[in-house]
There are 2 protein chains.
Amino acid sequence: MTGERATRRRSTQQLAVVLAAVRESGREHPSAETIFARVRDRLPRISLGTVYRNLQRLVDDGAIGMAQLGDRVVRYDPTASAHDHFVCLDCGDVDDLVAGAPEGGLRAARQAGHAPTSHALVVYGRCRACQEG
Amino acid sequence: MTGERATRRRSTQQLAVVLAAVRESGREHPSAETIFARVRDRLPRISLGTVYRNLQRLVDDGAIGMAQLGDRVVRYDPTASAHDHFVCLDCGDVDDLVAGAPEGGLRAARQAGHAPTSHALVVYGRCRACQEG
DNA sequence: CTCGGTGCAAAGGGTTTGCATACAT
DNA sequence: ATGTATGCAAACCCTTTGCACCGAG
């Protein structure tokens, strides 16, 4: 019974503007609230619910990434492909990290009989800017 | 001005029972709600707020660990020392991983000028039990 | 014309907090 | 006696959702 037909998706202005807002965010890893504020400049009547719905859709489609970085909020990421993150404990800034697979963790998982398929690595510390002075 | 005096901490029955509940949890990584339910068997009048307050205190004191494993809730961990986690995408079970430092990530952070002090690694996949059959 | 997307506002789920009281010290 | 910890309930914060209307196809 795979009979359900995929519902046709419409491309709206709101969707485009949300995507643009995430894409323009550089290494900032904005929260939904931040996106909301930014998107409002262009579409003053957009609602927070719509922002959440479109962000979710973009994540599901693989157009953007999503990360939990230790605090409560979900962060969105213009880089959709898998990568890791550095979070500064002083200023909260986030940086992308390009690192190979965490072999130690994967090996430990396999040794326990598990079959790893993905991972999330967040490195915490003091960022470059916060070390000066 | 380091004049604030540390407030004297009292050891209550509630604190002891919360700690015991976490310690008895094995590799289960219970949420606050789970701890609450368990603790209630022994202290029927304990409140959820007290459970949260005591869990927070135990974490601050380094008596127990705390982890965010991808879903919304905070998990508590009888193992206070740093270690990583495996989460089964099928059944949700959590397993501890003993892995060395994630060198790739740390190196990438240092290369960007940051000074790493800690990290959180969660490996996702299919657990041993879910692979059988 | 259709029916998926939107705006609004309310609900949800997890966690924190203000306050009067209880109790460890 | 002192003031920290508790119980209760309300507040908080982030996110999701129900519903009537709008608008892309």
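Per chain, numbering begins at 1; letters A, B, ... match sequence-line order.
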For the residue pair H85(A) and H29(A), does the interplanar ring angle fall in the parallel (under 30°), tilted (30 to 60°) or perpendicular (over 60°) class?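 Perpendicular.
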Any idea which of [options] is nearest the [X] side chain?
X	options	value
I46(A)	dG7(C), dT17(C), dT15(C)	dG7(C)
T12(A)	dT15(D), dC8(D), dG5(C)	dG5(C)
T50(A)	dT15(D), dG7(C), dT16(D)	dG7(C)
R45(A)	dC8(C), dC14(D), dT15(C)	dC8(C)
S47(A)	dG14(C), dC8(C), dG7(D)	dC8(C)

Given 3.5 Å as the limit, does a donor-acceptor pair link the side chain of S25(B) with the main chain of E28(B), or not?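 Pair absent, no side-chain N/O of S25(B) close to backbone of E28(B).
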Hey, is the main chain of G113(A) close enough, under 3.5 Å, to the side chain of Q131(B) for a donor-acceptor pair?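 Indeed, once roles are kept as given, a pair shorter than 3.5 Å links the two residues.
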Whole angstrom value for the distance that separates [atom2] of [N] from [atom1] of [X]:
X	N	atom1	atom2	result
N54(A)	dT6(C)	CG	C1'	9 Å
D71(A)	dT15(C)	CG	C1'	14 Å
L55(B)	dA5(D)	CG	P	15 Å
Q13(B)	dT4(D)	CD	C1'	16 Å
Y52(B)	dG14(C)	OH	P	7 Å
Q56(B)	dT16(C)	CD	P	6 Å
Q68(B)	dG14(C)	CD	C1'	11 Å
R8(B)	dC23(C)	CZ	C1'	14 Å

Nearest 0.5 Å please: distance from the CZ atom of R42(A) over to the CD atom of Q14(A).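 Here the rounded value is 12.0 Å.
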Starting at the 5' end of DNA chain D and moving along, which residue's nearest nucleotide shows up first, Y76(A) or V51(B)?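 Checking each residue's closest nucleotide, the 5'-ward one belongs to V51(B).
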Residues R9(A), D61(A): salt bridge by 4.0 Å N-O rule: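 Result for this pair is yes, salt bridge flagged.
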Is D90(B) salt-bridged to R126(B), going by a charged N under 4.0 Å from an acidic O?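 Between R126(B) and D90(B) there is a salt bridge, with a charged N closer than 4.0 Å to a carboxylate O.
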Quick one: on DNA chain C, does R9(A) or E33(B) contact a more 5' nucleotide (nearest heavy atom)?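 Its nearest nucleotide being more 5', the pick is R9(A).
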Are OP1 or OP2 of dT6(C) and a side-chain N or O of Q14(A) less than 4.0 angstrom apart?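 Result: yes.
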Counting only side-chain N and O atoms of S11(B), is one of them less than 4.0 Å from OP1 or OP2 of dT25(C)?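 Yes, because at least one side-chain N or O of S11(B) sits under 4.0 Å from OP1 or OP2 of dT25(C).
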Mark yes or no for a side-chain to base donor-acceptor pair under 3.5 Å between [X] and [N], with no hydrogen or angle criteria applied.
X	N	value
R10(B)	dG3(D)	yes
R53(B)	dG7(D)	yes
R57(A)	dG5(C)	no

Using every non-hydrogen atom in the two residues, find where R75(B) and V73(B) come nearest and quote the distance to one decimal.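 Result for this residue pair: NE-CG2, 3.4 Å.
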Could you pull out the closest heavy-atom pair between T117(A) and G125(B), with the gap in Å?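 What the structure gives for the nearest pair is OG1-CA, 3.5 Å.
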Between the two end axes of the helix from dC1(C)-dG25(D) to dT25(C)-dA1(D), each built from 5 base pairs, what angle do you get to the nearest 10°?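 Roughly 30° between the end axes, to the nearest 10°.
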